[in-house]
Amino acid sequence: MRARFPPPASPGAACRRAVLYAGLATALVLLGPAHADGRAGGAEPVVAIDWPFAETLIALGVTPAGVADAAAYREWVVEPPLPPETVDVGRRGAPHLATLQALAPEVVLVSPFRRAPGLERVAPVRELPLHAPGESALYGATELARELAARYGRETELQGLLARLEHALQRLQVAAEALGGPIYVAQFMDAGHLRVFGDGGLYGAVLARAGIANAWQGPTSYWGFALVALARLDAEAARLVLVEPVPADAEAVMRASRVWSSLPVVAAGGVRRLPPTWSFGGVYAAIRFAEQLGAALASGG
Amino acid sequence: MLAGATLLAAGLLLSAHNLPATAGLQALLSAWLAPAGATREIVALAHGWLPRLAVALLAGAALGAAGAVLQQVLRNPVASPMTLGVASGAQLALSIGTLLVPAGLGALAEPVALAGGGLALGATVALAWRRDLAPLTVVLAGLVVSLYLGAVNAALLLFFEYDLQGLLVWGGGALAQHHWGDAAFLAPRLLAAAGGLALLVRPLTLLTLGDESGRALGLSLRRLRLLCLGLAVYLTAAVVSAVGVIGFVGLAAPALARLLGARTFGQRLLAATLLGAALLWLADQAVQPLDAWLPGLLPTGAFTALLGAPLLLWLLHRQRPAPSPRDALAPPAPTPAAARRLALIAAVALALMVLALALARTPIGWQWSLPWRVVEAAPWRLPRVLGAACAGLLLALAGVILQRMTRNPMASPEVLGISGGALCGVVALALLAPAASLPALLGAGTAGGLGTVLLLMAFGRRSGFAPEPLLLAGIALKALFDGVLGIVLASGTPLWTRVLDWVSGSTYGLQMDTALAALGAAALLLPACLAVQRWLELLALGGEHAAARGLAVRRGRLALLALAAALTAAATLLVGPLSFVGLMAPHLARLLGLLRARDQLLGAAGIGSALMVLADWLGRNALAPYELPAGLTASLVGGLYFMWLLRRA
């Protein structure tokens with residue numbers, strides 16, 4: 001923008017003009033052109049705050065307009081991959097309301113735990129429990145998938161996913177019968193402590209469905225795991241399945257620690273690793289877990 | 001004596017209970033030399049239980065020694081590695097290190113922790129330097145530094161949840177061992193430091209005589225102090241990098257040593273080392289059976305904080321209150337330009353509120369909307385801005401009252417521990433009833449805050465609500481609540497970010513009715529503060545002078561404490577317990593020349609609102625769509641400025 005004005009009468013006036021222009025320029029920079037709708041074409045008007053919802057939607061072929069913590073999703077959940085049109089709406093505990101408003105969703109899916117107050121002022125909120133207490137997490141995940149498929153008309157994709165789940169569970173059952181013993185499923189939190197998955201979570205529900213005995217019989221939290229020191233994994237189990245990623249210090253402990261190598265399951269050579277899967281996910285995570293567990297148990301004896 | 005013997009017996013019984021197996025010496029040797037052949041239980045004994053015992057003894061001894069040295073060098077009966085910010089510094093340095101080197105720090109952990117701890121201690125000493133390292137000021141400065149570093153750590157945890165969650169367990173001070181690595185790490189370091197300290201016992205003993213006598217006897221004071229502080233930081237950093245943050249052993253061990261009659265420094269050092277080892281051993285053995293039947297982890301470090309706080313309170317209870325300094329001050333003359341400056345502050349505050357309402361960042365860029373349009377277009381903004389302004393105002397008023405009442409520039413609402421009490425109430429309810437609604441949580445928070453206030457009042461009654469015991473009690477309560485928070489964070493519940501959000505002062509989701517209630521509270525409490533401004537003016541002169549001028553000192557202090565408590569509780573329920581506004585605003589008001597109580601109250605109120613509104617706006621927009629809680633932003637941005645301010649003042 002070239003402004004033509006008569007030359008200033010004095011240095012003071014020049015200074016004032018400069019400030020005025022600078023102020024105008026700043027104001028123009030700050031004021032962007034206003035669009036009514038920030039949503040990319042091809043995306044459905046739904047925003048998923050919790051990752052199980054995002055994962056299930058994407059697995060059903062629905063591109064959500066927005067997902068919370070999208071950057072972390074890409075790093076920690078990875079599959080199914082987040083489409084590039086999906087907008088990041090901020091932290092799961094505090095989604096950015098202005099961004100949500102610009103996306104103008106028809107519904108925002110949130111779980112009761114992450115429910116941030118004030119969301120309903122921006123868009124209609126639908127609170128979906130991930131699973132009811134006492135109910136199997138796997139059942140909750142499949143019901144969630146059914147509901148979302150019905151809402152967005154993705155029956156074929158749903159049937160595909162459910163068939164894949166059944167197939168994976170059957171393979172898992174076969175592998176488990178060959179195994180002949182309970183297994184541990186655990187994930188390292190730091191060098192000396194693990195989350196071991198028991199009843200109440202997604203992994204525990206998959207194991208139960210496939211008829212595999214869980215070697216962890218201690219108390220578990222509401223989310224289906226217990227945080228324990230590694231010496232507590234002392235039952236006679238057929239396998240200890242470690243979900244990656246494994247921290248570097250934990251690798252060192254596994255190499256060097258006598259306590260670790262004297263655990264019955266480790267001494268018998270029963271440690272297996274699984275590629276990273278999301279332990280608090282929905283039906284897609286369950287499918288991935290079941291498939292990979294089946295492959296890990298079948299191979300290597 | 002009897003109590004000691006009982007504790008010792010309890011410790012031995014618990015240790016025996018926690019033994020995975022009994023074994024003769026032969027079996028133990030075979031476990032070490034030929035582990036493949038030994039049974040699992042013997043291996044667990046030789047490579048799990050014994051190293052854990054060794055690490056508990058070594059870490060406890062190191063912390064006890066560090067505490068004794070710090071208390072001697074700073075001539076401060078309540079100095080300890082944890083209260084001076086060393087542990088927070090080490091922890092933050094390790095968090096940053098973990099983020100920069102995701103593959104794991106490995107051997108770098110120790111130097112990183114050392115650097116962090118050293119810098120934190122340096123900051124504490126620098127802050128308290130102007131007041132000649134007066135004991136209470138040093139502790140408060142340490143608290144300020146811990147709060148600040150804790151705020152930075154909290155921000156990192158909120159943004160890098162999964163990268164740093166592994167550090168939460170370690171941060172709580174979990175002592176479980178699977179090899180002799182940590183014990184082998186700590187033992188030579190403890191021996192080396194102990195050797196150094198043994199050589200320094202004589203010069204350190206001379207410090208008891210005071211600076212002048214020491215110098216006259218040929219001590220190089222500065223070098224000695226630096227060396228000893230360095231050794232204390234070294235010991236603490238070694239423990240922190242090996243097993244995490246363990247609270248209160250460094251404070252309790254020297255205090256017990258003094259109680260048990262150790263008179264010279266050498267005796268105290270030795271006794272503190274031994275007692276530290278014994279205390280941590282006892283705490284660790286007590287934690288193990290509890291840990292077995294909880295689904296989450298109960299880290300020893302957080303547990304010792306829970307034990308240590310009541311201990312500190314009991315110790316303070318036994319002490320005679322120290323007489324307050326006798327310097328006489330005259331009330332400052334009224335500043336001629338005060339009215340103009342107050343008007344300027346009010347104008348700036350209002351302008352910031354308008355800015356916060358009107359300017360926001362959307363996915364398409366910055367957007368400026370007219371303020372009255374905002375109420376329909378973005379209805380969530382007004383309650384947040386209003387809530388932030390009210391919270392800032394309330395905290396600033398509480399800060400002025402506390403700083404004048406205790407005559408200490410480091411006093412602030414966070415130090416009283418009221419906000420920590422409110423947090424504990426909320427956490428307790430959230431753990432017992434995970435589906436509790438927001439009003440129920442607010443009620444629990446209020447109950448917690450009130451409970452803390454009653455504790456403080458009961459505590460302060462004996463000393464006539466004199467400032468020192470009150471502040472120290474507040475610090476102890478705050479440490480207690482930090483322990484609770486540490487346990488929650490380490491328990492592995494996926495909700496820890498929600499708790500952290502609340503603790504960090506988020507205005508997210510503030511509804512209009514809550515904001516209006518806050519406005520009402522501010523409208524009631526501001527005139528109440530102005531009504532007692534004469535008491536504030538007089539109490540700033542000191543207890544005796546105030547009494548000489550006709551103030552009923554005890555009643556006045558009680559009323560002021562109650563007022564400060566009400567202000568803090570209201571603000572905590574709005575923006576949580578963490579922000580620096582209550583500490584900063586009175587100082588900024590004074591810097592602007594508002595010296596009289598009335599002027600300072602009004603000025604600080606305006607500055608406090610402005611600060612919180614600005615912090616809330618920055619937190620909402622600077623990193624959009626990721627939001628930082630208002631209290632956290634205020635701490636991060638304001639904390640640095642505040643510390644620089646203190647150096648200048």
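Every chain is numbered from 1 and lettered A, B, ... according to where its sequence line falls, protein lines coming before strand lines. The figures here come from the full heavy-atom set of this structure, side chains too, leaving out hydrogens, waters and symmetry mates.
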* **Whether A:R91 side chain and B:E627 backbone form a donor-acceptor pair below 3.5 Å** => yes

* Asked: Between A:P95, A:A72, A:A256, which has the largest tally of heavy atom pairs under 4.5 Å with chain B?
  -> A:P95

* Heavy-atom check, side chain of B:Q511 versus side chain of A:R121, under 4.5 Å -> yes

* To do: Measure the shortest side-chain to side-chain distance between B:D163 and A:E75 over non-hydrogen atoms and say whether it is less than 4.5 angstrom.
  => yes

* Asked: Most heavy-atom pairs under 4.5 angstrom with chain B, which of A:A98, A:G198, A:A71?
  -> A:A98

* **Separation between CD of B:Q177 and OG of A:S257, rounded to the nearest 0.5 Å** => 10.0 Å

* Against chain A, label B:R620 side chain, backbone, both or neither, depending on which of its atoms sit under 4.5 Å from a heavy atom there. => backbone

* Asked: Is any side-chain heavy atom of B:V43 less than 4.5 Å from a side-chain heavy atom of A:W260?
  -> no

* Below 4.5 Å from any heavy atom of chain A, which atoms of B:A360 appear? Answer side chain, backbone, both or neither. => neither

* Would you mind telling me which of A:L263, A:D190, A:L100 has the largest number of heavy-atom pairs within less than 4.5 Å of chain B? => A:D190

* Asked: With a 4.5 Å limit on heavy-atom distance, are the side chains of A:T99 and B:P625 in contact?
  -> yes

* Walk me through it: do A:L119 and B:Y508 pass the test side-chain contact (heavy atoms from CB on, under 4.5 Å)? => CA-CA 10 Å; A:L119 277 180; B:Y508 193 94; 3.9 Å; yes

* Per-residue contact mode, A:W76 against chain B (heavy atom under 4.5 angstrom) -> side chain

* CG of A:D234: more than 12 outside heavy atoms within 6.0 angstrom? -> yes

* Compare all side-chain heavy atoms of B:H178 with those of A:L230 and state whether any distance is below 4.5 angstrom. => yes

* **Contacting region of A:A68 [heavy-atom separation from chain B under 4.5 Å]** => neither

* Asked: Checking A:P245 against chain B: side chain, backbone, both or neither under 4.5 Å from a heavy atom?
  -> neither

* Asked: So do the side chains of A:R258 and B:W180 get within less than 4.5 Å of each other, counting heavy atoms only?
  -> no

* Could you look at A:A250 and say if it's the side chain, the backbone, both or neither that has a heavy atom under 4.5 Å from chain B? => neither

